[in-house]
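What follows is one structure encoded as structure tokens, with my remarks underneath.
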Amino acid sequence: MSISGQFRTLDLKPEPPAVADILARGLDLVESLGLKLHHLDDLMLTGRPNEISDAAAAVEGAIRDASPTFTQIAETVSRLGASNLVTAAEQLRKIEEDDAAGLAEALRGALTRFAKRSFSANRRAQHLNRGLNAALQSLQALGVQEGGRLIAEA
């Protein structure tokens, strides 16, 4: 008794996640990244190198982990026939997906804030680096060394 042929193979492709779900996940992710970056920026003011290093590693890891979500957002925006979140929001409003359009606008705003905060943190890190390098060069010029290693406490 053979049952072959009684079952047919279905080519079911999973439905892509809803646009609103993807945008909401992206918004949560960007806000979380923003908080981590804000924490790092605050720590750079303290001058505690171990904590700064840990916070920087956390931001870097979070950004790396966020890559698949950002790729999914870009694919979703492209699927809408848009090249950016502003155009995506316009397209979503045309098809009466007002909630998703609002999320696209909110995500764009969150990304803008994150970019500004990232620029500010990068500038602070560069100033911190220049200051430390100048201090080390001054100490080296003064001949402050122990066992061939420069001693500096910032």
Side-chain angles (χ1 to χ4, degrees), residues 3-138 150 152-154:
I3 58 171
S4 62
Q6 291 179 352
F7 299 98
R8 59 185 176 154
T9 304
L10 297 176
D11 286 333
L12 295 178
K13 293 182 182 177
E15 284 292 318
V19 173
D21 293 340
I22 293 168
L23 295 173
R25 191 171 45 230
L27 182 58
D28 290 342
L29 187 62
V30 171
E31 287 176 351
S32 174
L33 287 169
L35 290 173
K36 284 178 175 43
L37 188 58
H38 183 71
H39 178 67
L40 172 61
D41 198 27
D42 287 347
L43 280 174
M44 283 191 278
L45 295 172
T46 68
R48 296 185 300 228
N50 291 337
E51 291 179 35
I52 293 169
S53 177
D54 291 345
V59 169
E60 183 179 357
I63 290 172
R64 185 179 48 251
D65 294 345
S67 180
T69 301
F70 289 134
T71 299
Q72 193 174 31
I73 291 168
E75 289 170 353
T76 300
V77 168
S78 178
R79 233 181 28 243
L80 291 169
S83 59
N84 57 46
L85 289 168
V86 172
T87 308
E90 291 170 0
Q91 295 287 44
L92 289 164
R93 290 210 192 289
K94 284 181 185 176
I95 60 172
E96 297 181 2
E97 290 285 340
D98 291 333
D99 290 342
L103 286 168
E105 291 166 345
L107 178 57
R108 188 191 67 73
L111 285 167
T112 300
R113 287 187 301 279
F114 180 80
K116 287 178 184 176
R117 185 171 285 146
S118 178
F119 179 77
S120 173
N122 185 43
R123 190 175 55 228
R124 186 179 315 283
Q126 288 174 352
H127 289 300
L128 182 62
N129 186 39
R130 278 195 291 271
L132 288 173
N133 282 336
L136 288 172
Q137 288 173 354
S138 296
L150 185 63
E153 193 167 314

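Just so it is clear, the values below take in all heavy atoms, side chains as well, and ignore hydrogens, waters and symmetry mates. Please read these numbers as outputs of a predicted model, since none were measured by experiment.
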Let me confirm one number: the CG-CZ distance from Asp54 to Arg48, rounded to the nearest 0.5 Å. 11.5 Å

What heavy-atom pair brings Ala66 and Leu33 nearest, and what distance separates the two atoms? CB-CD1, 4.3 Å

Might you point out which heavy atoms bring Ala121 and Met44 nearest each other, and give the distance in Å? O-CE, 3.3 Å

Checking side-chain polar atoms at under 3.5 Å, does Arg124 have a donor or acceptor matched by the opposite partner on His127? no

Taking all atoms of both residues into account, what is the closest heavy-atom pair of Ala55 and His39, and its distance? CB-CD2, 4.1 Å

Closest non-hydrogen atom pair between Ala104 and Leu92, with its separation: CB-CD1, 4.4 Å

Shortest non-hydrogen contact from Gln91 toward Leu80: NE2-O, 3.4 Å

Is Ser120 reaching over with its side chain to a backbone N or O of Lys116, donor-acceptor style, under 3.5 angstrom? no

Spell out, as yes or no, whether a donor-acceptor pair under 3.5 Å connects the side chain of Arg117 to the backbone of His38. no

Using only atom types and a distance under 3.5 Å, with no angle test, would you say the side chain of Ser67 pairs donor to acceptor with the backbone of Arg64? no

Closest heavy-atom pair, Leu103 versus Ala20, reported as atoms and distance to 0.1 Å, is CD1-O, 3.4 Å

Any donor-acceptor pair under 3.5 Å linking the side-chain atoms of Asn84 with those of Thr87? yes

Can you measure from CG (Leu35) to CG (Leu40) and round to the nearest 0.5 angstrom? 12.5 Å

Find the distance between OG1 (Thr76) and CZ (Arg79) and round it off to the nearest 0.5 Å. 4.5 Å

To the nearest 0.5 Å, what is the distance between CD (Glu31) and CG (Leu111)? 10.0 Å

What distance separates Phe114 CZ from Ile63 CD1, expressed to the nearest 0.5 Å? 4.0 Å

Report, as yes or no, whether the 6.0 Å neighbourhood of atom CD on Glu96 holds more than 12 heavy atoms from other residues, nucleotides or ligands. no

Calculate, to the nearest 0.5 Å, the distance between atoms CZ and CD belonging to Arg108 and Glu105 respectively. 8.0 Å

Please identify which of these residues, Val19, Ile22, Val30, Leu27, meets the side-chain contact (heavy atoms from CB on, under 4.5 Å) condition with Ile73. Ile22

Side chains of Leu85 and Leu23, heavy atoms from C-beta outward: is any pair under 4.5 Å? yes

